[in-house]
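Numbers here are sequence positions counted from 1.
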Amino acid sequence: MSSGSDCQPQTRTKPALGEKEATELVDRVFGLKVSWIRPLPSYDDQNFHVRVARNKGVTEGADEYVLKITNSEDSQKPDLIEVQTQATMFLSAEGFPSATPCLTKDGKIMSLESGGTGPGSKKYMVRLLTYLPGTPVAKIATNAQILYEIGKLAASLDKALSEKFHHPSIKSLHRGQFIWNLANIPLLDQYVYALGQNKYREVVEQVIEQFKEQVIPKLSSFRACINHGDLNDHNILVDSSSACQENPQYRVSGILDFSDMSYGYYVFEVAIAITYMMVESPDPLSVGGHVLAGFESVLPLTAAERAALFLLVSGRFAQSLVIAAHTALLYPENKEYLMITAKTGWKHLMKMFEVGQQAVEKTWFETARVYAARGPAQ
């Protein structure tokens with residue numbers, strides 16, 4: 001959802017370039033002439049969808065890109081952005097539908113640029129990434145088939161990154177106090193004030209305390225890996241491979257936004273995917289079993305990892321809801337985008353605690369068991 005500062009999301013400065021400035025930036029840094037440009041929604045970076053005009057006789061290269069301008073705080077971490085970008089290139093080469101960068105005029109994958117002309121102007125890291133076609137999962141009516149595929153994708157992606165991806169700066173993915181890493185749920189204590197005093201805050205505080213008591217002591221028993229960290233319903237694109245309107249068959253056509261990549265645990269990724277697939281679902285408590293089944297078709301969870309899943313999903317809801325509320329106080333002009341998850345997230349989190357861990361787990365695990373016995377959804 002957001003890269004953000006490690007434990008102080010309030011220190012970020014979101015870029016605010018106009019379309020004219022962005023167009024000039026693409027020309028100056030990448031040597032490409034923009035024929036069409038429009039802003040894209042974003043959390044704390046700035047993104048533009050751009051179409052470029054090809055010179056006569058030039059056939060190589062894409063026609064559409066996303067101009068990604070990283071917030072000022074994260075722009076000070078070039079090693080981290082380098083690793084994240086190289087990871088997308090690696091995954092693309094491995095057959096995953098991830099974006100790849102267009103090189104700058106001097107052959108680099110990114111460039112640090114000034115966001116203004118004044119003496120106090122911030123510097124922002126700029127990249128031009130290939131535009132991936134498809135519809136965000138948030139815009140479709142999900143079915144068992146695509147939920148299973150998303151779970152399978154989450155496991156396959158982390159497995160490929162953890163087993164095959166190498167880079168000299170890979171240690172930069174050990175992000176310590178990174179606010180969006182699921183291991184750092186206790187850091188939310190600093191930001192719950194943004195919720196005010198109400199029943200929502202009480203539930204979040206309950207999640208944080210249970211997480212401290214039941215999950216933190218078990219982290220060392222989980223299998224470590226590199227996490228994408230933000231497989232939400234706006235960061236996964238799909239297209240339909242079937243003309244059947246009643247039961248369309250989807251395939252993942254794009255994986256977006258690697259800015260939350262960090263070292264974590266395999267079970268974190270499936271918990272994050274379950275959380276965000278619940279957001280728009282009319283039957284949210286049933287979602288987890290399908291996603292879990294897909295994940296476990298690649299990487300079965302251990303008993304300890306399964307036991308933590310309910311609190312990890314609850315923890316991700318808490319992270320998203322608390323940090324969004326905190327950030328919306330700082331950037332009220334971006335409140336609509338920041339609060340996307342909150343529209344249904346509170347309802348789902350409250351429902352999980354109302355139904356209870358045992359009943360929710362029973363639903364998830366029984367669904368996953370049926371898949372294990374019968375194979376993938378059709």
Single-linkage hydrophobic cluster, 4.5 Å side-chain cutoff, V355 and F353 together: yes

Residues K212, D189; criterion side-chain contact (heavy atoms from CB on, under 4.5 Å); working and verdict: CA-CA 11 Å; K212 289 175 183 176; D189 280 335; 2.8 Å; yes

Residues, nucleotides or ligands: over 12 heavy atoms within 6.0 Å of E366 CD: yes

Between H49 and E64: side-chain donor-acceptor atoms closer than 3.5 Å: yes

ILVMFWY cluster, Y65 and L132 together (side-chain gap under 4.5 Å): no

Side-chain heavy atoms of S240 within contact of Q249, under 4.5 Å: no

Rounded distance (nearest 0.5 Å) linking atom CZ of R127 with atom CG of N47: 9.0 Å

Derivation of the side-chain contact (heavy atoms from CB on, under 4.5 Å) call for L237 and T135: CA-CA 5 Å; L237 305 177; T135 303; over 6 Å; no

Donor-acceptor contact present, side-chain Q319 to main-chain N184, <3.5 Å: no

T88 side chain to S98 backbone, donor-acceptor under 3.5 Å: no

All pairs passing side-chain hydrogen bond (donor to acceptor under 3.5 Å, both in side chains) where residues 298-307 contributes a residue, at least two apart: R223-E305, E296-R306, T302-E305

T367 side chain near H290 side chain, heavy-atom distance below 4.5 Å: yes

Single-linkage hydrophobic cluster, 4.5 Å side-chain cutoff, L32 and Y131 together: no

Nearest-0.5 Å distance, NZ of residue K68 to OH of residue Y124: 14.5 Å

Where F211 and A183 come nearest, the two heavy atoms and their spacing: CE2-O, 4.3 Å

Sidechain-backbone polar pair: T344 side chain, V279 backbone, donor-acceptor under 3.5 Å: yes

Shared hydrophobic cluster, L91 / L129 (ILVMFWY, side-chain heavy atoms < 4.5 Å): no

Short N-O contact, K164 and E94, less than 4.0 angstrom: yes

M261 side, atom CE; F178 side, atom CZ - distance, nearest 0.5 Å: 11.0 Å

Donor-acceptor side-chain pairing of N71 and D74 below 3.5 angstrom: yes

T142 side chain near E280 side chain, heavy-atom distance below 4.5 Å: no

Closest non-hydrogen atom pair between L329 and A194, with its separation: CD1-CB, 3.8 Å

Any donor-acceptor pair under 3.5 Å from N143 side chain to P248 backbone: yes

Test: R28 and E24 ion pair at under 4.0 Å: no

Over all atoms of both residues, closest heavy-atom pair of K152 and S297: CG-OG, 3.9 Å

Nearest non-hydrogen partners of L311 and Q214, listed with the distance: CD1-OE1, 3.6 Å

Side-chain heavy atoms of M277 within contact of L231, under 4.5 Å: no

Heavy-atom pair with the smallest gap, counting every atom of G315 and L182: C-CD2, 4.1 Å

Expected output: side-chain N227 to main-chain V267 donor-acceptor under 3.5 Å: no

Min side-chain heavy-atom separation I150-V137 under 4.5 Å: yes

Side chain to side chain, P284 and K351, heavy atoms closer than 4.5 Å: no

Pair K199 + E202, salt bridge at N-O below 4.0 Å: no

L80 CG to S169 OG distance, which is reported to the nearest 0.5 Å: 9.5 Å

Donor-acceptor pair between S42 and D45 side chains, under 3.5 angstrom: no

Criterion salt bridge (Lys or Arg N to Asp or Glu O under 4.0 Å) on R175 and D260, from CA distance to verdict: CA-CA 10 Å; R175 300 177 68 177; D260 282 6; 5.3 Å; no

Chi angles and distances behind the side-chain contact (heavy atoms from CB on, under 4.5 Å) call for V50, V66: CA-CA 6 Å; V50 301; V66 172; over 6 Å; no

Q84 side chain vs S259 backbone, donor-acceptor pair below 3.5 Å: yes

Donor + acceptor pair across side chains of Y276, R316 (<3.5 Å): yes

Partners meeting ring-ring contact (aromatic ring centres under 6.0 Å, His included) with F165 (sequence neighbours left out): F90

Connected via hydrophobic side-chain network under 4.5 Å: I69 and I81: no

Closest non-hydrogen atom pair, S286 against T363: CA-CG2, 4.2 Å

Residues D106 and T104: side-chain donor-acceptor under 3.5 angstrom: yes

Check: Y371 ring centre within less than 6.0 Å of Y148 ring centre: yes

F30 backbone acceptor or donor facing D27 side chain under 3.5 Å: no

Derivation and outcome, side chain to side chain donor-acceptor pair (under 3.5 Å), residues E149 and Q145: CA-CA 6 Å; E149 289 302 319; Q145 177 264 332; 4.6 Å; no

Whether H174 and Y263 hold their rings parallel, tilted or perpendicular, with breakpoints at 30° and 60°: parallel

Backbone N/O of K123 and side chain of E113: donor-acceptor pair under 3.5 Å: no

Gap separating the CG atom of N181 from the CG atom of L173, nearest 0.5 angstrom: 11.0 Å

H348 (side chain) donor-acceptor with L285 (main chain) under 3.5 angstrom: no

Side chain proximity check, D158 to I226, heavy atoms < 4.5 angstrom: no

Check ion pair D63-R51 (N to O, under 4.0 angstrom): no

Reference residue F48; test side chain to side chain contact (heavy atoms under 4.5 Å, CB included); the match among V26, L67, L40, L25: L67

From T85 atom OG1 to K108 atom NZ, the distance as rounded to the nearest 0.5 Å: 14.0 Å

Close side-chain approach of L301 to F295, heavy-atom, < 4.5 Å: yes

Side-chain donor or acceptor of S253 paired with backbone N/O of P133 under 3.5 Å: yes

Intermediate values then yes/no, side-chain contact (heavy atoms from CB on, under 4.5 Å), T275 and S320: CA-CA 10 Å; T275 303; S320 184; over 6 Å; no

